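Since the structure comes first, as structure tokens, the remarks are kept for the end.
A quick note: this is a predicted structure, and the numbers were derived from the prediction, not measured. We number each residue from 1, following the sequence as shown. Just follow the structure's listing: the first ligand is 1, and inside any ligand the first atom is 1.
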Amino acid sequence: MPFTLPELPYSYDALEPVIDAATMEIHHGRHHKAYVDNLNKALEGAPEANESIESLMGKIGSLPPAVRNNGGGHYNHSLFWKILLPSGKGGQPTGKLAEAINSTFGSLDSLKEKISAAGATRFGSGWAWLSVDENKALCVCSTPNQDNPLMDIADCKGTPILGIDVWEHAYYLKYQNKRPDYLSAIWEVINWEEVGKRYEAAL
Ligand code: MN
């Protein structure tokens, strides 16, 4: 099987109380696992089964919908787990990322507001993103379902450096219908060091 479920870099309860352990366990162990399993099924015997997930994203428009949905799901969640960290360990953006946030959005708070608004106004399921676009500028957008800015068919193309899952499965056990509450709480567990690394790699 070419694609595998990555281990979480922390325990299921590490993000409490922002994201509860039951949500993490179901989200990683069942939802993400299903995307990986269904992606492998969809690519069985296909030459694309040996490509990287990033490479598949770049030509997703020419691949079957099952690859778009499950490959997107695998890419998005693999990124999501990495840009989160245990409660109490969070910091602030530093270096080049901090400078770019300030020059593009005015302040970190205004960037957070913009991403939270993108997630809150995404109707149905999807993701809110901070990406580096083709001009190397930071940009915020949201995508439906398991799409992402790396996909050739995306309205807002770029290299994602931070993604927030706004599917109900990401927050419903603790926050129920209050998606904006989840979106304002999640900033406490964002791994800005990882986001900063991804920013510099995308430049
Ligand atoms: Mn999810």
- Which is the closest N/O/S atom of Asp165 when seen from the Mn ion (ligand 1)? OD2
- Message: Classify the ring geometry of His27 against Phe80: parallel below 30°, tilted from 30° to 60°, perpendicular beyond 60°.
- Response: tilted
For residues 87-94, which side-chain donor-acceptor pairs fall under 3.5 Å, sequence neighbours excluded?
{"unit_1": "Ser87", "atom_1": "OG", "unit_2": "Leu15", "atom_2": "O", "d": "3.2"}
{"unit_1": "Ser87", "atom_1": "OG", "unit_2": "Glu16", "atom_2": "O", "d": "2.7"}

- Item | Thiol sulfurs of Cys139 and Cys156 closer than 2.5 Å | no
- Task: Could you grab the angle centred on the Mn ion (ligand 1), going from NE2 in His27 to NE2 in His77, to 10°?
- Result: 90°
- Message: For a quick check under 3.5 Å, do Asp13 and Ser11 share a side-chain donor-acceptor pair by atom type?
- Response: yes
- Message: I'd like to know: is the Mn ion (ligand 1) within the 2.8 Å range of an N/O/S atom from His169, strictly under that distance?
- Response: yes
